[in-house]
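For the single chain, residues carry numbers from 1 onward in sequence order. We count ligands from 1, going down the list as the structure has it; atoms in each ligand are counted the same way.
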Amino acid sequence: MEKILITGGKPLYGSVEIDGMKNAALPIVFATLLVRGKCLIKNLPCVSDISRSLELIEDLGASVKRLDKHSVEIDSAGVRVRSVPSDLSRKMRASYYLIGAELGRFGRALVGYPGGCDFGVRPIDQHIKGFEKLGAKVNVEGGYIDAFAPNGLIGSNIFFDIVTVGGTINVMLAAVLADGITVIENAAREPHIVDLANFLNTCGADIKGAGTDTIKIKGVSELHGCCYTIIPDMIEAGTYMTAAAAAGGNVEICNIIPKHMESVTAKLEEMGVTVIENDDSIRIIRDPDTKIKSCNVKTLPYPGFPTDMQPQLGALMCQADGVSMINEGVWDNRFKYVDELKRMGAQIEVTGKTAVIKGNPDRMTSASVRAVDLRGGAAMVVAALAVNGTTDIDDIHLIERGYDNLVGKLTALGAQIRKITVVPPDQAFNVAN
Ligand code: EPU
């Protein structure tokens, strides 16, 4: 069992390089199943969700050559349609992209129900509605999603009832080789949707409008291999931005697209943090002796404030002078991390999808906490960097699903952080005996 120990209360200085975006890389890895020929994917983040996605497609018969830490060559020629057992699909949410990719390539998919962070109910009714509009018959039974298009998929108009990132991506994957034109209305506009469209178009697809709420996909008969570089991870970047704001100091966040950070930048500025934008980097400056101002935020689909930055901002709000309010506009239950912040002295009241945070840096202390999920774990890191004393964070495998080399990157910024292996008491007893 591994833990992270952070002795906080020390400002951060220096620069940090941001990796490729996990939530763009995941659909692109699954999209290679649709391609005839080899795909060279660069700037892949080295995180456990990506390793699992590569294992999943290897298991289906894809040849996956890891060229270096961030590059992989994928050849899906040998992929055959077969069921993906739920013990594999449950390991990650993005396994549901296998449904769109397999349906698109074979007209058939049998995939165990996906897993992922627990934010309350996580339905996939909109994905299913999209597949059905394209002509597939979909059954959900015994923990499996069984999708079958006996006459092949046929382009159609799909209007999503809610904005869904996964639903938009899944329908894009299914429609790219379908017969005719598919139009997705009320589509998600996240940068990772644009990145997937750019990847598919580089392989010969005909997708227009990605990044707007109307995406038009003209089905093509086949996709060819390509070389593609994943965009930088806006959530990893935002996490380091809030970490620098919470601890204070002067940190340059490099290899990013500042435009993607606008909603986070605006909130940090509102909280009195200096944010300087350059072409492909952002500098965060905060004098540790100045107070952070409170603010209110509502999370929304892009370009609104990202729900995946909500816990990290919540941790920063605990350091603010005054009362802040968070309204979670995407997920039903994304406040599990609040109980962990309370262990550190935070005063937070949660009612439904709203959290009221009485910021008071003097009350915040180090504690033993755990990562309740990926971004909840990132929030603990942000909180720990700001407080005096040593905080230990448990269940860090959840953080490692989405952050590569967190300890190394923060150490380079001057943080006192280390990873330790703890032998559980029962095993220690066995060793002793
Ligand atoms: N929803 C439905 N029906 C559907 C699909 C979604 O009601 O068929 C609802 C969800 O319950 C939620 C809302 O729509 O309330 C938005 O869900 P969305 O489909 O957009 O989320 P997702 O695709 O499952 C991705 C990211 C999440 C991120 C959300 C929102 C991946 C692998 N996951 O999830 O990322 O929170 O979009 O931006 O891309 C993370 O990286 O930590 C993470 C959880």
G402 to ligand 1, any heavy atom closer than 4.0 Å: no
Heavy-atom neighbours of K358 NZ exceed 12 at 6.0 Å: no
Main-chain N/O of V356 paired with E349 side-chain donor or acceptor, under 3.5 Å: no
N/O separation below 3.5 Å, G166 to ligand 1: yes
Ligand 1-proximal atoms of K22, by part, heavy-atom distance under 4.0 Å: side chain
SB check D373 R375 (cutoff 4.0 Å): no
Region of Y96 that comes within reach of ligand 1 [heavy atoms, distance under 4.0 Å]: side chain
E328 and ligand 1 - part of the residue with a heavy-atom distance under 4.0 Å: neither
Expected output: side-chain K65 to main-chain D75 donor-acceptor under 3.5 Å: no
Sub-4.0 Å heavy-atom contact, Y302 with ligand 1: no
Heteroatom distance test (D308, ligand 1): nitrogen or oxygen, under 3.5 angstrom: yes
Sub-4.0 Å heavy-atom contact, M21 with ligand 1: no
Nitrogen or oxygen atoms of H192 and ligand 1 under 3.5 Å apart: no
Intermediate values then yes/no, side chain to side chain contact (heavy atoms under 4.5 Å, CB included), D146 and E141: CA-CA 8 Å; D146 185 357; E141 236 180 73; over 6 Å; no
T307, any N or O under 3.5 Å of ligand 1 N or O: no
N/O separation below 3.5 Å, V330 to ligand 1: yes
Ligand 1 contact by K129, heavy-atom criterion under 4.0 angstrom: no
Ligand-residue contact atoms, ligand 1 with P123, heavy atoms, under 4.0 Å: 2 (C), 3 (N), 4 (C), 5 (C), 6 (C), 7 (O), 8 (O), 11 (O)
G167 N/O to ligand 1 N/O under 3.5 Å: no
Side chain, backbone, both or neither: the part of R375 lying under 4.0 Å from ligand 1 by heavy atom: side chain
Passing candidate, salt bridge (Lys or Arg N to Asp or Glu O under 4.0 Å) with R370, options D339, D395, D392: D395
Side-chain (S324) to main-chain (C295) donor-acceptor, under 3.5 angstrom: yes
Beyond-backbone contact of L268 with L316, side-chain heavy atoms, under 4.5 angstrom: yes
Ligand 1-proximal atoms of I162, by part, heavy-atom distance under 4.0 Å: side chain
Check ion pair D19-K409 (N to O, under 4.0 angstrom): yes
Over 12 non-hydrogen atoms of neighbours within 6.0 angstrom of NZ in K129: yes
